[in-house]
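Structure record follows, encoded as structure tokens.
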Amino acid sequence: MRTDVIEVTSTGTQMEIALSQVDKVAAYKGLTGKNALHLRLLAEEMLGMMRSITGETKGDFWIEDDEAGVYQLHLQVTTRMNSEKRDSLLAASSTGKNESAKGLMGRLRDFFDRGADEDIAAAHSSLLMPGVLEQSSLPTLDWEWSMTRYENALNAQMKNNDAAAREAWDELEKSVVAHVADDVRVAIRGRQVEMIIVKKMA
């Protein structure tokens with residue numbers, strides 16, 4: 001099943017409609033208690049990240065599921081802002097930074113918040129650790145990040161007493177999404193960025 005696609009914006013337009021759709025999916029699929037709560041929570045976290053993107057940005061939100069009970073929440077955004085405009089907006093904040101760049105979802109937001117003319121490889125993020133964000137062999141895909149692959153890489157680095165990896169792991173441990181979701185993936189194709197949160201219902 002795939003739900004209708006709802007256009008949401010970083011200013012909050014139609015986010016309540018998107019969350020209402022999540023509740024309808026849960027009801028239609030007979031999800032109750034913890035499962036329904038988890039689906040709603042993951043959607044709230046995803047849309048909360050959308051709200052923290054610099055400037056007014058539009059994105060498409062929808063949900064898919066399969067016969068195995070695996071649910072995927074999708075958010076797809078096309079980057080329209082150039083680096084100069086983004087820097088100008090950020091300069092208006094007291095620190096010159098986007099204040100939401102904390103925690104797992106805040107850092108993932110950086111992939112959505114980059115300028116259309118910025119190279120993702122030049123991004124400064126603890127998520128861009130060696131072996132974690134890799135160039136895909138698929139010709140249409142520039143970059144793909146996976147939380148599962150990230151966790152595995154951090155585990156390997158912590159065995160070498162890597163302080164940065166330990167800090168990143170502590171941050172991951174505090175993430176609601178990391179505890180509830182089975183995986184989070186971010187794919188970048190040119191100016192288009194898509195986040196998929198994967199949750200298998202028990």
Side-chain angles (χ1 to χ4, degrees), residues 1-80 98-113 127 138 140-141 144-152 171-189 191-202:
M1 180 200 78
R2 174 176 166 144
T3 66
D4 293 337
V5 175
I6 297 174
E7 186 179 83
V8 294
T9 73
S10 55
T11 57
T13 304
Q14 299 212 111
M15 285 196 181
E16 284 306 317
I17 294 173
L19 290 173
S20 175
Q21 179 168 257
V22 174
D23 294 337
K24 288 175 184 174
V25 167
Y28 179 73
K29 290 292 184 175
L31 300 179
T32 57
K34 188 169 67 172
N35 285 340
L37 179 67
H38 283 174
L39 196 65
R40 170 82 184 206
L41 181 63
L42 292 171
E44 287 176 352
E45 288 287 315
M46 177 180 265
L47 294 173
M49 183 215 69
M50 176 73 181
R51 278 184 177 273
S52 68
I53 295 175
T54 306
E56 186 169 355
T57 306
K58 293 178 182 177
D60 290 331
F61 173 84
W62 72 94
I63 303 170
E64 296 178 14
D65 77 309
D66 62 21
E67 293 176 0
V70 177
Y71 289 76
Q72 294 186 359
L73 286 77
H74 293 253
L75 177 64
Q76 192 174 76
V77 173
T78 299
T79 309
R80 295 184 177 89
N98 190 323
E99 296 301 322
S100 302
K102 294 176 183 173
L104 177 66
M105 295 303 279
R107 294 189 189 280
L108 287 177
R109 193 265 355 276
D110 286 346
F111 296 138
F112 289 77
D113 208 16
L127 297 178
L138 297 173
T140 58
L141 193 63
E144 186 175 37
W145 181 92
S146 161
M147 185 177 72
T148 304
R149 196 166 63 220
Y150 181 57
E151 287 176 338
N152 291 339
E171 185 176 80
L172 196 60
E173 284 284 283
K174 294 172 186 172
S175 168
V176 173
V177 170
H179 282 285
V180 176
D182 290 304
D183 199 8
V184 179
R185 297 194 291 268
V186 177
I188 298 176
R189 299 171 181 85
R191 292 173 60 195
Q192 195 172 76
V193 189
E194 182 175 3
M195 173 182 285
I196 303 170
I197 296 181
V198 181
K199 175 65 179 176
K200 181 170 175 54
M201 299 300 178

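Only a predicted model underlies this, so the values are computations on that prediction, with no experimental measurement involved. Starting from 1, each residue takes its place in the sequence as its number.
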Problem set entry | Test salt bridge (Lys or Arg N to Asp or Glu O under 4.0 Å) applied to Arg40 - qualifying residues, sequence neighbours left out | Asp23, Glu44
For this session: Report yes if some heavy atom in the side chain of Asp66 is under 4.5 Å from a heavy atom in the side chain of Glu64; otherwise report no.
Result: no
For this session: To the nearest 0.5 Å, tell me how far Met46 CE sits from Ile196 CD1.
Result: 8.0 Å
Exercise. At what distance, to the nearest 0.5 angstrom, does CG of Leu172 lie from NZ of Lys174?
Worked result: 11.5 Å
For this session: Taking all non-hydrogen atoms of both residues into account, name the closest pair between Phe61 and Val22 and its distance.
Result: CZ-CG2, 3.9 Å
Exercise. How long is the span from the CG atom in Leu41 to the CD1 atom in Ile197, to the nearest 0.5 Å?
Worked result: 9.0 Å
Problem set entry | Within 6.0 angstrom of Lys24 NZ, more than 12 heavy atoms from elsewhere | no
For this session: State the CG-CE distance between Leu108 and Met195, to the nearest 0.5 angstrom.
Result: 4.5 Å
For this session: Check whether any side-chain heavy atom of Val180 lies under 4.5 Å from a side-chain heavy atom of Glu45, and answer yes or no.
Result: no
Seminar exercise, completed: Heavy-atom nearest pair, Glu194 first then Phe112, reads C-CZ, 4.1 Å
Exercise. For Glu16, what residues pass the salt bridge (Lys or Arg N to Asp or Glu O under 4.0 Å) criterion, not counting sequence neighbours?
Worked result: none
Exercise. Measuring from Gln76:CD to Gln192:CD, what's the distance to the nearest 0.5 Å?
Worked result: 3.5 Å
Problem set entry | Heavy-atom closest pair, residues Ile6 and Ala18 | CD1-CA, 3.7 Å
For this session: Quick one: pull up OG1 in Thr3 and CD1 in Ile63 and give me the separation to the nearest 0.5 Å.
Result: 5.0 Å
Problem set entry | Atom of Met50, atom of Val8 and distance for their closest heavy-atom approach | CE-O, 3.7 Å
For this session: Work out which heavy atom in Leu31 is nearest to a heavy atom in Ala36; give both atom names and the distance.
Result: O-CB, 3.6 Å
For this session: Return yes if some donor-acceptor pair links the side-chain N/O of Glu56 with the main-chain N/O of Thr9 below 3.5 Å, else return no.
Result: no
For this session: Please work out which of the three classes, parallel, tilted or perpendicular, describes the rings of Trp145 and Tyr150, given edges at 30° and 60°.
Result: tilted
Exercise. Taking only residues two or more places apart in sequence or in another chain, which ones pass salt bridge (Lys or Arg N to Asp or Glu O under 4.0 Å) with Lys29?
Worked result: Asp65
For this session: Say whether His74 and Gln72, considering side chains only, have a donor N or O and an acceptor N or O under 3.5 Å apart.
Result: yes
Exercise. Should Tyr71 and Val25 count as side-chain neighbours, where that means a heavy-atom distance under 4.5 Å?
Worked result: yes
Problem set entry | Taking every non-hydrogen atom, the tightest pair across Arg51 and Thr11 | NH1-O, 3.8 Å
Problem set entry | Main-chain N/O of Val5 paired with Asp60 side-chain donor or acceptor, under 3.5 Å | no
Exercise. Backbone N or O of Thr57 within a donor-acceptor pair of the Ser10 side chain at under 3.5 Å?
Worked result: yes
Exercise. Would you say the side-chain atoms of Asn35 pair up with the backbone N or O of Met201, donor to acceptor, closer than 3.5 Å?
Worked result: no
Exercise. Is there side-chain contact between Leu73 and Leu39, with at least one heavy-atom pair below 4.5 Å?
Worked result: yes
Problem set entry | Gln14 side-chain N/O to Glu7 backbone N/O, donor-acceptor pair under 3.5 Å | yes
